[in-house]
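See below for the structure under consideration.
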Amino acid sequence: MIRRAKAVLFLLALTAAFAGGQSRAWDILREFVFVPGVSGHEGPAADFVQKRLPPGLKVERDALHNVWFTVGSGKPHLLFVAHTDELGWIVARITPEGRVRVKQGGGLLPQTIEARPVTVHTARGPVAGIVAPRPGYAERRTAGDPPDPPFTAESFDIDLGVASETEARALGVAEGDPVSPRRTITDLGPGLMATRAVDDRAGCAALLDAALRLKPGAVKGRTVTFAWDVQEEIGLIGASELAKTLRPDYVFAVDTFVSTDSPLESKRLAHLPIGNGAVVRAIDSSNVTPKAEIRKVLAIAKKRGIPIQVGSSRGGNDGSVFLAGGAVDIPLSWPGAFAHSLIEKIDRRDLEALTDLILAIVSDWE
Amino acid sequence: MTHRIRRTLGLLAAVAALSAAAAIAADLKSLVKDLHAVPSTTGNEEMLAAKVRASLPKGLTVEEDGLGTVAVRLAGAGGPTLVLTGLDGYGHLVSGIAPDGHLTVDRPVAPPHARFDAYLLGQPVVVSTARGPVPGVVAQPALHLLTQERRRLLVEGYSLENAFIDIGARSEREARAKGVELLDPVTTVALLTELAGEKWSGPSLGSKAVAAALADAVSAPHRAAAGVEVIVAWAAQTKFAARGRGARPPLGAARAQARWRPRRAVLVDVIAAGEGEDGPAVGRGPVLIPVGTPPLARALADLAAAEGLPLQPRTGPGSSLALPFSDPASEAVTLALPVRYLDTPSETISLRDLQALRDLLAAFLTKGEGR
């Protein structure tokens with residue numbers, strides 16, 4: 001009886017040493033998705049990360065707002081990286097009528113922003129606006145009419161409620177201000193939600209949670225860097241900057257796996273069900289992960305009892321910029337439906353499995 | 001000394017008057033927010049009807065018509081005047097539950113315009129079940145996997161054929177366990193956006209704001225009744241066209257006309273506002289459009305002038321609510337709140353217009369031609 005109790009206590013102690021407490025990733029994510037961080041304007045998002053990192057770490061931050069810390073020493077050097085930037089637009093100009101026009105791009109389907117609220121993040125604070133519906137939206141159309149011109153970011157005509165450029169500027173709006181969709185969280189059930197910027201705030205939250213549960217003293221015989229980088233959505237720019245100074249042997253980009261677990265997608269590829277665990281991205285648009293490394297991750301997950309799936313999909317990842325420097329890129333993910341939308345869907349179990357997987361790799365990677 | 005006291009008293013009176021006005025505005029804003037939060041589509045007006053009923057002064061007898069219409073009768077000696085607005089807005093309903101738990105949708109009435117359904121793509125929605133609201137999202141294709149061909153089909157050619165609501169259920173059984181049933185209304189999340197220039201924006205905001213203005217006007221302190229009897233009604237099913245020969249007036253309005261046979265009718269509605277100088281505009285006051293003979297319109301215009309309220313007199317087609325009241329023997333007028341981006345998820349109104357509408361209605365009900 002005493003022997004059994006001792007064994008239970010030993011197991012509990014082992015679990016605590018590895019996990020360092022309960023996962024807070026879900027709560028971090030629900031808070032983080034409301035922090036603005038359009039690519040190139042990640043200051044508030046970087047602040048969010050930096051303020052929550054445990055004390056005692058030597059945290060670095062560069063001019064772009066990349067944030068990172070390194071613990072341990074020696075080889076191999078493992079780098080885990082998630083991006084803090086989100087999709088959005090940049091104010092291009094203000095019309096004499098006080099309407100805001102944005103630069104092209106954005107990365108979201110413009111049709112889903114038509115007649116929807118947005119927020120202009122000015123130096124003086126957030127300003128609410130409405131993307132006006134396309135002109136003549138309510139006019140009756142007949143079969144002979146020419147098709148509607150495409151509705152793009154350049155079609156956006158953002159109504160702030162004012163009638164002149166002077167009034168718009170008096171609100172603090174200026175060229176170069178970032179613009180993002182107004183966001184909400186839709187709770188689809190316990191531990192299941194849909195919201196904007198899960199890509200890649202979920203990756204950031206997983207990494208932050210892992211950092212909070214990590215016991216730096218336990219990292220022995222290896223170097224581990226956790227990084228939250230910027231401007232992934234506009235060309236892996238933050239990661240490229242990090243690659244100038246960091247020389248990892250293995251890089252684990254923590255980002256969305258674009259899953260086809262939704263009714264409008266072909267199930268030909270990327271069909272990893274939401275709720276079935278963390279993901280190793282075998283192939284995406286920027287990287288082919290060596291099978292031997294995938295097997296190593298699967299073995300670690302199996303040993304720790306972490307649910308995991310392997311799949312191939314589309315989209316790039318930050319780890320790919322370290323390939324030229326000699327690193328092996330092993331992207332880690334959660335299955336995410338409706339990628340690059342206002343309703344990116346995520347399951348809490350997948351996020352927590354991802355956090356556990358990060359900690360397990362830190363501990364067990366050879 | 002006397003002069004100073006008088007001036008101080010005058011200032012205090014002005015401050016008190018301003019405070020009273022502000023308090024009324026705060027009440028109206030609060031009521032608009034309350035009503036805006038309640039889904040109400042044609043055939044599913046009961047929740048909004050209950051909210052309107054709850055906002056009315058105690059002591060008024062509320063009449064109902066079996067479809068969800070709410071009405072109150074303000075006493076008076078002369079033949080009845082009807083002040084009518086609608087309770088219902090455009091929306092969708094659950095048309096099916098797929099084996100994988102996704103919901104398909106249809107509309108209870110014809111859409112207000114061709115792009116209406118496209119506003120569903122990739123948006124959060126609410127399914128109002130008998131057991132309460134069930135949040136969902138309308139599926140959209142992942143951008144990374146979207147080929148040009150699929151973009152044409154699923155985005156540019158979006159239709160209800162491609163509208164699937166994800167409520168987090170994996171089977172029909174799970175969906176039903178959440179309380180979802182066929183015909184449950186599906187509406188855009190009632191997100192209110194407060195813009196600069198005292199403008200508010202939100203889905204179905206125009207009609208909800210009008211319903212609130214009328215309820216608030218009825219709640220205004222009434223003087224002794226001196227004029228005609230007034231029936232104030234919030235009608236259900238005003239987006240549904242009555243069937244039969246000839247023009248098809250909105251069912252809710254046709255039933256109101258048949259029930260109360262008013263000599264005069266004020267149809268309180270929304271009207272699409274533009275940017276130009278010619279048409280109705282947001283921020284210039286309610287829009288007044290006479291139907292047929294003009295005395296009632298003239299009376300309302302005089303009342304607005306006497307109260308110092310802005311008004312945009314217009315001619316031309318008024319509210320479709322006025323269709324059953326086009327009989328030359330009766331007088332009717334459309335009094336409308338200008339709404340920018342009407343029938344989109346971001347209907348935008350001016351609070352100043354709304355306050356003016358409310359004040360004009362209150363004046364009409366208390367001391368104007370309405371009594």
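Proteins get letters first, then strands, A, B, ... in listed order; numbering begins at 1 in each. Model, not experiment: these values are computed from the prediction.
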Closest non-hydrogen atom pair between A:Tyr137 and B:Leu342, with its separation: OH-O, 2.5 Å
Which portion of B:Glu156 sits near chain A, non-hydrogen atoms under 4.5 angstrom: side chain
B:Arg151 vs A:Leu109, side chain to side chain contact (heavy atoms under 4.5 Å, CB included): CA-CA, chis, key distance, verdict: CA-CA 10 Å; B:Arg151 183 183 283 263; A:Leu109 273 178; 3.6 Å; yes
Over all atoms of both residues, closest heavy-atom pair of A:Thr186 and B:Pro124: OG1-CB, 3.4 Å
From CG (A:Leu264) to OH (B:Tyr158), nearest 0.5 Å: 7.0 Å
Engaged part of A:Leu192 at the chain B interface, taking heavy atoms whose separation is under 4.5 Å: side chain
Nearest-0.5 Å distance, CD of residue B:Gln140 to CG of residue A:Leu342: 7.0 Å
Among B:Gly122, B:Gly197, B:Pro112, residue most engaged with chain A (heavy-atom pairs, under 4.5 Å): B:Gly122
From A:Thr184 atom OG1 to B:Gln123 atom CD, the distance as rounded to the nearest 0.5 Å: 9.0 Å
Polar side-chain atom of A:Glu114 near backbone of B:Tyr119 as donor-acceptor pair, under 3.5 Å: no
B:Arg150 side chain reached by A:Glu265 side chain, heavy atoms, under 4.5 Å: yes
Smallest separation among heavy atoms of A:Ala138 and B:His113, with atom names: CA-CB, 3.7 Å
Part of B:Ser350 within contact of chain A (heavy atom distance under 4.5 Å): neither
Minimal non-hydrogen separation, B:Pro135 against A:Leu188, with atom names: O-CD2, 3.8 Å
Interface moiety of B:Thr193 toward chain A, non-hydrogen atoms closer than 4.5 Å: both
Option in B:Leu191, B:Asn162, B:Asp343 with maximal non-hydrogen atom pairs under 4.5 Å from chain A: B:Leu191
Chain B contact via A:Ile274 - which portion, at a heavy-atom distance below 4.5 Å: both
From B:His144 atom NE2 to A:Phe257 atom CZ, the distance as rounded to the nearest 0.5 Å: 11.5 Å
Chain A contact via B:Leu192 - side chain, backbone, both or neither, heavy atoms under 4.5 Å: backbone
Under 4.5 Å from a heavy atom of chain A, the part of B:Val282 involved: neither
Under 4.5 Å from a heavy atom of chain A, the part of B:Ile167 involved: backbone
Option in B:Leu195, B:Val134, B:Thr348, B:Val189 with maximal non-hydrogen atom pairs under 4.5 Å from chain A: B:Leu195
Intermediate values then yes/no, side chain to side chain contact (heavy atoms under 4.5 Å, CB included), B:Thr188 and A:Arg116: CA-CA 11 Å; B:Thr188 304; A:Arg116 297 284 171 183; 3.5 Å; yes
Over all atoms of both residues, closest heavy-atom pair of B:Ala196 and A:Val162: CB-CG1, 3.7 Å
For chain B, the option from A:Gln111, A:Glu344, A:Glu167, A:Glu97 that forms the most heavy-atom pairs under 4.5 Å: A:Gln111
Side chain to side chain contact (heavy atoms under 4.5 Å, CB included), paired with A:Arg314, selected from B:Leu145, B:Leu146, B:Leu143: B:Leu145
Side-chain heavy atoms of A:Pro117 within contact of B:Ser346, under 4.5 Å: yes
Top contributor to chain B interface from A:Thr112, A:Leu269, A:Thr260 [non-hydrogen pairs under 4.5 Å]: A:Thr112
Closest non-hydrogen atom pair between A:Asp261 and B:Arg170, with its separation: OD2-NH2, 2.6 Å
Spacing of A:Asp159 atom CG and B:Arg340 atom CZ [to the nearest 0.5 Å]: 4.5 Å
Other residues, nucleotides, ligands: >12 heavy atoms within 6.0 Å of B:Arg173 CZ: no
4.5 Å side-chain heavy-atom contact, B:Arg115 and A:Arg134: yes
Which of B:Gly202, B:Ala169, B:Gly136 touches chain A most, by non-hydrogen pairs under 4.5 Å: B:Gly136
Heavy-atom contact with chain A under 4.5 Å, split by part of B:Val155: side chain
Leading residue by heavy atom contact count with chain B [cutoff under 4.5 Å; candidates A:Pro263, A:Ser266, A:Ser341, A:Ala339]: A:Pro263
Side chain, backbone, both or neither of A:Ala194 within contact of chain B (heavy atoms, under 4.5 Å): side chain
Close side-chain approach of B:Asp166 and A:Ser262, heavy atoms under 4.5 Å: no
